[in-house]
Enquirer: 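I'd like to ask you about the structure that follows.
Each residue takes its place number in the sequence, starting with 1. Because the structure is predicted, anything quoted here is derived from the model rather than measured.
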Amino acid sequence: MNSILKYILLTAIRDRLYVGLFIILLAAFGISSVVGGTALLEQAQSTIVYVAGSSRMIFAIGMILFVCFYVRKTFENREVEFVLSKSISRHSFILAYLLGFILVALLIIVPLVILLFFMKVNLVGLAYWALSLILESLIIITFSLLAALILSSAVSAVMASLGFYIISRMMGFFVLTIQIPKNIYDFNTMDRFLKVTLKAISIVFPRLDLYGKSEWLIYGIVNSSDLYIILGQSLIYIPLMIFMAFYDFNRKQF
């Protein structure tokens with residue numbers, strides 16, 4: 001397992017993942033500083049919000065691309081068959097890859113948190129933000145790994161993972177749409193169908209809009225119940241997707 005972790009880290013360095021992400025994050029930081037400086041009030045706070053929001057999205061997209069293309073490349077190069085020929089079980093193989101991707105993500109999250117620390121954010125809010133970002137990355141990485149195992153194309157896995165991420169980030173909007181009172185908006189047949197569809201989507205997909213709120217970095221924690229929701233969702237979705245990956249990988253013939 002240690003050799004798999006080292007190989008994933010070496011691949012991340014070799015593929016210039018860190019260099020590329022840090023260059024994009026620095027560009028986002030520069031643009032956010034300029035945009036935040038144009039605000040009439042609370043320029044420093046506006047810059048923090050732009051930096052946190054943009055870096056969170058860039059980080060998620062970068063990890064999706066890396067995980068999907070890495071996993072599919074190991075299948076195409078028959079590296080999976082070589083590793084499984086050694087004394088390692090299929091479950092340990094999945095867990096080793098998952099731990100390797102998490103380690104890659106942590107090496108990106110830590111410098112980002114340090115950068116925000118020097119921007120004089122709320123320290124308690126920063127701790128919540130960092131924890132939620134780690135849990136969000138676990139969900140994204142696990143789903144990307146699952147998609148790359150199920151789908152035979154790296155592009156298809158990337159598109160599925162991006163769709164999962166975007167829909168999960170928009171889940172707050174979907175929930176608000178469902179909760180529109182009938183006396184404010186007159187529902188017709190199509191609206192009722194869409195409402196039922198949105199309810200089904202809200203059950204299947206996690207609420208990633210509750211993760212990594214930029215307001216925590218400025219105002220601190222206003223409602224601690226969000227953390228319980230985040231922890232509850234993570235404890236449900238991450239093990240579920242891991243067991244799905246176990247089931248799919250056990251059915252594959254090599």
Enquirer: Which other residues end up in the same hydrophobic cluster as V155, if Ile, Leu, Val, Met, Phe, Trp and Tyr are linked when side-chain heavy atoms come under 4.5 Å apart?
Expert: M159
Enquirer: Distance from S168 atom OG to I139 atom CD1, nearest 0.5 Å?
Expert: 8.0 Å
Enquirer: Y128: what forms a side-chain contact (heavy atoms from CB on, under 4.5 Å) with it, not counting sequence neighbours?
Expert: V124, W216, I221, L227
Enquirer: Give me each pair satisfying salt bridge (charged side-chain N to carboxylate O under 4.0 Å, His left out) with a member in residues 142-155, each pair once, sequence neighbours excluded.
Expert: none
Enquirer: Under the side-chain contact (heavy atoms from CB on, under 4.5 Å) rule, collect the residues that match up with L115, sequence neighbours excluded.
Expert: F29
Enquirer: May I have the step-by-step check of side chain to side chain contact (heavy atoms under 4.5 Å, CB included) for L138 and L135, ending in yes or no?
Expert: CA-CA 5 Å; L138 285 173; L135 294 176; 4.1 Å; yes
Enquirer: Determine whether V113 and L133 satisfy the following criterion, side chain to side chain contact (heavy atoms under 4.5 Å, CB included), listing intermediate values before the conclusion.
Expert: CA-CA 10 Å; V113 173; L133 184 61; 5.6 Å; no
Enquirer: Taking the six-membered ring for Trp, is the centroid-to-centroid distance between F243 and Y247 below 6.0 Å?
Expert: no
Enquirer: Can you give each donor-acceptor pair under 3.5 Å made by side-chain atoms of residues 228-235, sequence neighbours left out, with the distance rounded to 0.1 Å?
Expert:
from: Q233; atom 1: OE1; to: R207; atom 2: N; distance (Å): 2.9
from: S234; atom 1: OG; to: Y211; atom 2: OH; distance (Å): 3.1
from: S234; atom 1: OG; to: I230; atom 2: O; distance (Å): 2.8

Enquirer: For L98, what residues pass the side-chain contact (heavy atoms from CB on, under 4.5 Å) criterion, not counting sequence neighbours?
Expert: I102, I141, T142, L145, I242
Enquirer: Report yes or no: is the cationic atom of R72 (NZ for Lys, CZ for Arg) under 6.0 Å from the centre of the six-membered ring of F75, at an angle within 45° of the ring normal?
Expert: yes
Enquirer: Can you list the residues that meet the side-chain contact (heavy atoms from CB on, under 4.5 Å) rule with M244, with sequence neighbours excluded?
Expert: L146, L240
Enquirer: Does anything in residues 144-170 form a salt bridge (charged side-chain N to carboxylate O under 4.0 Å, His left out)? List the pairs, not counting sequence neighbours.
Expert: none
Enquirer: Go through H91 and N250 one step at a time and tell me if the side chain to side chain contact (heavy atoms under 4.5 Å, CB included) criterion holds.
Expert: CA-CA 8 Å; H91 291 177; N250 286 333; 3.0 Å; yes
Enquirer: Side chains of V104 and M63, heavy atoms from C-beta outward: is any pair under 4.5 Å?
Expert: yes
Enquirer: Given side chains that start at C-beta, do those of L126 and L217 come closer than 4.5 Å, heavy atoms only?
Expert: yes
Enquirer: Sorted by first residue and then second, give each ring-ring contact (aromatic ring centres under 6.0 Å, His included) pair with at least one member in residues 129-170; sequence neighbours left out.
Expert: F143-F164, F164-F205
Enquirer: Please report the shortest heavy-atom distance between V158 and C68, naming the atom on each side.
Expert: CG2-CB, 3.6 Å
Enquirer: Who pairs with K73 by salt bridge (charged side-chain N to carboxylate O under 4.0 Å, His left out), at least two apart in sequence or on another chain?
Expert: D15
Enquirer: Any pair with a residue in residues 53-71 that passes side-chain hydrogen bond (donor to acceptor under 3.5 Å, both in side chains), sequence neighbours left out, goes on the list, sorted by first then second residue, please.
Expert: R56-E136
Enquirer: Any pair with a residue in residues 91-100 that passes salt bridge (charged side-chain N to carboxylate O under 4.0 Å, His left out), sequence neighbours left out, goes on the list, sorted by first then second residue, please.
Expert: none
